[in-house]
Amino acid sequence: MKIVLVLYDDPVTGYPKTYARDTIPKLEVYPDGQKLPNPKRIDFKPGELLGSVSGALGLKKFLKELEHTLIVTSDKDGPDSVFEKELVDADVVISQPFWPAYLTKERLAKAKNLKLAITAGIGSDHVDLQAAIAKGITVAEVTFCNSISVAEYIVLMILSLVKDYIPSYNWVVKKGWNIADCVQRSYDLEGMDVGSVAAGHIGLAVLRRLKPFGVKLHYTERHRLSEKVEKELGLTYHENLESMVRVCDVITINCPLHAETEHLFNDRLISQMKRGSYIVNTARGKICDAEAIARALKSGQLAGYAGDVWFPQPAPKDHPWREMPHDGMTPHVSGTSLSAQARYAAGVREILECFFEKKPIRTEYLIVDQGKLAGIGVHSYVAGDTTGGSERAIQFKK
Ligand code: NDP
């Protein structure tokens, strides 16, 4: 079989020869009891850089032994890209949301042999799910592999925005000691109202982590949490997003991007938020209207916006979020810590082992299977397409 693996580039300084730490903690189980990925074997040392081209998700030896053809590339955008050329006879495509190989309807039509699209991570919105359903392509992701990685990053970003950490750091780099400049937009999180859009793996983990900060916690969800959890965390449930954003100081977005959540945060919704609210979005860039966010930061309706997700990815050099005020944007990194990579590389191997041996892939990994939404896809997604405009990712190169 032919496997096309699309990964981000190696560091500009070259593939690492040494690492900052010798080991990473060994986890036994995910917080909800779900088993960690359990392939028969792994050919990498947890803690290595696996998500870049040379790391190849630790799959090279495994696929070579089985005599499969493996193509590894970072060149994914535009009709002349390696990905688009290799796609035509690929059986399996693997890519990470951080550097997504967009599988639009047009690309899926060209991929005559494609049977399986694996997301090495969580979030399969880079695949036209409607087209995958129509073509009978299985879409699978490594559910829970980096949910806690992201939850930790969200806490970091909320604190960083509310305290206005980045400008203070920059004053030090500029050799200054400008305390008044640093604190003129700096607040405490304690006592604020914080709301999560969705309380799935990430959303619930964020709510749990924020409880000790003495904040008032809110959430909105399609499937309400149990009374026990609501009581334990002191959560206020909102039947709709509007009711939640009106009372919150901080909003953290934790739902997938699907046909119903695209551009959820637009001028209309943002205008209903309290003046000076903060948004942290590590879910997907397209859940927000990019121009509306930039406008709201400039007008002061929003006091800050942070996140690591953009649309498209990589973000074009002239993307409005690269230059808007009071932002704490990073490239898409929260879910690809070295710790997370060890889990999703093992998860991808587990999925491939099942696929090659014609065994069922874990239900919790499935988004689309046998012509319909399946597994976690049924719970968290709606059928549809959110890849429109992804061809603009090629502008990053220009
Ligand atoms: P889960 O599937 O556990 O949670 C998603 C939740 O979103 C579900 O509980 C679902 O609830 C809810 N949801 C879906 N649609 C809506 C809606 N319209 N309004 C409110 N809630 C909704 O996934 P995770 O928590 O693990 O991940 C969530 C998302 O975070 C991923 O889909 C991905 O886009 C992003 N992510 C980002 C990463 C990064 O590196 N920045 C890494 C990992 C994930 P219900 O079932 O009730 O509909």
Side-chain angles (χ1 to χ4, degrees), residues 8 30-32 34 51 95-100 119-127 129 139-157 195-209 218-226 229 237-245 251-265 269 280-288 306-311 313 329-337 339-341 343-344 347 363-367 373-384 386:
Y8 46 78
Y30 290 117
D32 69 347
Q34 186 189 307
S95 88
Q96 303 165 109
F98 325 104
W99 190 257
T119 305
I122 303 172
S124 297
D125 48 277
H126 59 283
V127 183
L129 297 181
V139 181
E141 58 185 47
V142 190
T143 302
F144 226 145
C145 65
N146 54 12
S147 302
I148 303 301
S149 325
V150 179
E152 291 181 358
Y153 208 76
I154 293 168
V155 176
L156 162 87
M157 286 190 145
S196 177
V197 183
H201 294 130
I202 297 176
L204 183 57
V206 172
L207 293 166
R208 282 195 193 290
R209 278 155 182 74
H218 304 253
Y219 80 105
T220 178
E221 250 290 356
R222 296 189 306 189
H223 302 91
R224 193 169 172 172
L225 295 168
S226 69
V229 175
Y237 172 71
H238 294 261
E239 270 181 19
N240 61 64
L241 188 52
E242 286 77 9
S243 126
M244 187 173 82
V245 301
I251 292 291
T252 152
I253 304 178
N254 300 303
C255 58
L257 169 63
H258 55 61
E260 284 174 9
T261 59
E262 184 169 339
H263 288 171
L264 205 54
F265 282 77
L269 185 68
V280 169
N281 176 15
T282 55
R284 284 296 178 264
K286 220 183 190 187
I287 296 172
C288 295
D308 66 333
V309 287
W310 308 64
F311 186 82
Q313 290 187 179
M329 295 302 297
T330 65
H332 192 168
V333 291
S334 64
T336 185
S337 59
S339 321
Q341 289 178 35
R343 289 187 293 273
Y344 66 70
T363 313
E364 62 251 38
Y365 288 168
L366 293 174
I367 304 297
L373 288 175
I376 189 97
V378 175
H379 189 86
S380 297
Y381 284 80
V382 299
T386 54

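In this text the structure is predicted, and so the values were computed from the model without any measurement. Both counts, for ligands and for their atoms, begin at 1 and track the order of listing.
Judged by distance alone, the side chains of E141 and S124 do bring a donor and an acceptor atom under 3.5 Å apart. Using modelled atom types and a 3.5 Å distance limit, the side chains of T386 and D125 yield no donor-acceptor pair. Of the N and O atoms on the side chains of Y344 and T336, at least one donor lies less than 3.5 Å from an acceptor on the other residue. Counted by atom type alone, T261 and R284 present zero donor-acceptor pairs between their side chains at under 3.5 Å.
Closest to atom 18 (N) of ligand 1, if we only count protein heavy atoms, is T261 CG2, 3.4 Å. When only non-hydrogen protein atoms are considered, atom 28 (C) of ligand 1 lies nearest to N254 O, 3.5 Å. The nearest heavy-atom contact from the protein to atom 44 (C) of ligand 1 is I202 CD1, 3.5 Å. Counting protein heavy atoms only, atom 37 (C) of ligand 1 is closest to T282 O, 3.1 Å. The nearest heavy-atom contact from the protein to atom 39 (C) of ligand 1 is H332 NE2, 3.1 Å. The shortest contact between atom 45 (P) of ligand 1 and any protein heavy atom is with H223 ND1, 3.0 Å. Summary of contacts: the protein heavy atom closest to atom 5 (C) of ligand 1 is P256 CD, 3.7 Å. Ranking protein heavy atoms by distance to atom 42 (C) of ligand 1, first place goes to V150 CG2, 3.3 Å.
In this structure, I376 and H201 have side chains that are in contact, with non-hydrogen atoms separated by less than 4.5 Å.
Taking S95 as the reference, V6, A101, H126 meet the side chain to side chain contact (heavy atoms under 4.5 Å, CB included) condition, with sequence neighbours excluded.
Relative orientation of the H379 and H223 rings is parallel, given thresholds of 30° and 60° on the angle between their planes. Taking the six-membered ring where tryptophan is involved, the planes of H238 and H218 are tilted, since the angle between them lies from 30° to 60°.
Scanning G203, A198, G335 for the heavy atom closest to atom 21 (N) of ligand 1 points to A198. Relative to atom 43 (C) of ligand 1, the option among T119, L204, N146, V142 with the closest non-hydrogen atom is N146. Taking each of G200, A205, C255, A283 in turn, the one with a heavy atom nearest to atom 4 (O) of ligand 1 proves to be G200. Counting heavy atoms only, R222 comes closest to atom 19 (N) of ligand 1 of the residues H201, Q96, R222.
Ligand 1 places these atoms under 4.0 Å from at least one heavy atom of F98: 40 (O). If you number the atoms of ligand 1 from 1 as listed, the ones under 4.0 Å from a heavy atom of S147 come out as 26 (O). Within ligand 1, the atoms closer than 4.0 Å to a non-hydrogen atom of D308 are 40 (O), 41 (N), numbered from 1 in the order shown.
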Stepwise side chain to side chain contact (heavy atoms under 4.5 Å, CB included) check, V333 with F98: CA-CA 7 Å; V333 291; F98 325 104; over 6 Å; no
Derivation and outcome, side chain to side chain contact (heavy atoms under 4.5 Å, CB included), residues V382 and R222: CA-CA 12 Å; V382 299; R222 296 189 306 189; 3.6 Å; yes
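Inclusion of T220 in the set of residues having an N or O under 3.5 Å from an N or O of ligand 1 is not warranted. Between E221 and ligand 1, a contact under 3.5 Å exists for at least one N or O pair. Of the N or O atoms in E260, none lie within a sub-3.5 Å distance of an N or O in ligand 1. Considering backbone and side-chain atoms together, V309 places no N or O closer than 3.5 Å to any N or O of ligand 1.
Closest of all the heavy-atom pairs between M329 and V309 is CE-O, 3.9 Å. Nearest heavy atom pair, residue N254 against residue S196, reads ND2-OG, 3.0 Å.
Only the side chain of I376 comes within 4.0 Å of ligand 1, judged by heavy-atom distances.
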